Amino acid sequence: VSTLAIDNIGLLVTNDPALGTIHDAAIVFDGERVAAVQRAGAGAGADERIDAGGRCVIPGFVDSHTHLVFAGERGDEFAARMAGAPYAAGGIRETVAATRAASSERLHELAAARRREGLRAGITHVEIKSGYGLDVEHERRSCEIAAAFTDDVTFLGAHVVPHGIDADDYVALVCGEMLEACAPHARWIDVFCERGAFDAEQSRAVLRAGRAAGLVPRIHANQLGFGAGVRLGVELGAASVDHCTYLDDDDIDALAGSDTVATFLPATDFSTRQPYPDARRAIDAGVAVALATNCNPGSSYTTSMAFCVALAVRDMGMTVDEALAAATLGGARALRRRDVGHLGVGARADAVLLDAPSPAHLVYRPGVPLVAMTIARGQRAWSAPGLEG
Ligand SMILES: [Zn+2]
């Protein structure tokens, strides 16, 4: 195992309460872990030294909500929506047909390409959901493919009710044979609790069944309107309730008094022309928050966490520091992990070198690819041209 140092860092964001944000710093990785955070110049003794040239280093982004295993794309549906057609959950079925038709090798390749795209965007840890198979064999296959990329696999058989089957019969299948086939490959159970998908009673049945099989709940809730999903998630001990575009006072109270994280997916609200969630109100009430991409072909086809951070600051009332924390430490908390989302000693060696003096540039320079280098598990996973070294 060799050591790698990033030296001459102008500004190092650690997200570690004891270290904070440090000017003129060096960080040393030993294999897959952070070994030391020191003054600039301290990297001289490492086996390999990267000169940050006074630029900024942040923890790698933790993307706690993605749907990377799918085939096909829905650019035409998106264009129609931008021209005035409404968003509906039913478009998922189109991706299901394309995903079922793809070979396992092809699905794996497609997910790998999206994962590489995410690494280029500074995402060093992802959660990946199933949910475009919707029968026992295809859901199991999706979970297995997702498990090749992360240990945070989510079984989302309850994404939408497939055509030709009664909703309650489908819920019984998800809670029975499908869960049994998928649980060995998954850590989390999820359900799309929304009008047009699953109601509160069906969602409760799915999350309870998953819990009984050893999975931990998370939930898609309150994306398209107010509803019971957020409170249901809190009641069942979900690690995270995701979307939260519509939160009433009871939802905020429930979240604030719980360990459940509210995960905002603003690229989805962007891509569906929805209002943005009021993150300021949630944070001020004491709710723990995260930001994630929700990368999927229907409602949010992006791997750019920087774009999500920009939307959160521009349109959701978050400060740059809050948005960056939500996209790193917040994501880790939404996945109940302590090893990622920060650069304290002992953390996973996941860091991003920005071609910028501070994280504010993620918002200040929207759409500009500022990730100069991504270090994942102590290895260079991506370097911008000219930085290959
Ligand atoms: Zn989603």
Side-chain angles (χ1 to χ4, degrees), residues 62-70 72-74 77-78 81 87-96 99 111 114-115 118 123 126-134 139 142-143 146 149-150 152-161 174 186-198 203 206-207 210 215-225 227 229-230 232-233 238-246 260-272 274 276-277 289-305 307-308 311 327 330-331 334-335:
V62 178
D63 194 355
S64 61
H65 185 138
T66 82
H67 306 249
L68 296 188
V69 183
F70 65 87
E73 53 84 34
R74 282 150 55 193
E77 176 191 316
F78 177 80
R81 193 159 69 235
Y87 175 71
I92 292 166
R93 294 187 190 95
E94 208 175 304
T95 300
V96 170
T99 302
R114 292 170 195 133
R115 189 62 202 98
I123 295 168
V126 284
E127 176 263 22
I128 303 177
K129 301 173 197 298
S130 70
Y132 295 116
L134 305 190
E139 280 297 304
S142 292
C143 287
F149 300 96
T150 182
D152 279 309
V153 174
T154 299
F155 167 47
L156 179 60
H159 200 182
V160 72
V161 179
V174 168
R187 180 177 176 214
W188 307 96
I189 177 81
D190 196 346
V191 58
F192 189 12
C193 182
E194 198 76 46
R195 192 169 310 189
F198 297 87
S203 299
V206 169
L207 295 183
L215 306 182
V216 185
R218 43 203 320 109
I219 185 169
H220 286 67
N222 299 40
Q223 175 189 357
L224 303 174
V230 168
L232 180 70
S240 178
V241 291
D242 295 33
H243 284 293
C244 294
T245 302
Y246 293 87
T260 301
V261 174
T263 299
F264 299 117
L265 311 170
T268 313
D269 304 308
F270 173 90
S271 298
T272 56
Q274 286 252 108
Y276 292 102
V289 303
L291 286 170
T293 66
N294 188 23
C295 182
N296 80 82
S299 65
S300 186
Y301 199 2
T302 184
T303 51
S304 175
M305 189 70 90
F307 178 59
C308 300
L311 292 177
L335 294 171

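In listed order, ligands and their atoms are each counted from 1. This one's a predicted model, so the numbers in the text were calculated from it and none came from an experiment.
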Go through the structure and list residues passing ring pair (Phe, Tyr, Trp, His ring centres under 6.0 Å) with F78, not counting sequence neighbours. none
With sequence neighbours left out, the residues meeting ring pair (Phe, Tyr, Trp, His ring centres under 6.0 Å) with F307 are F270
Residue that, paired with T95, satisfies side-chain hydrogen bond (donor to acceptor under 3.5 Å, both in side chains) out of E77, R74, H159: R74
Here the Zn ion (ligand 1) sees protein N, O or S atoms within less than 2.8 Å, and their number is 4
Is a side-chain donor or acceptor of S240 paired with a backbone partner of R218 at a separation under 3.5 angstrom? no
Donor-acceptor pair, distance only, cut-off 3.5 Å: does the side chain of T154 make one with the backbone of L156? no
S142: what forms a side-chain contact (heavy atoms from CB on, under 4.5 Å) with it, not counting sequence neighbours? V69, S130
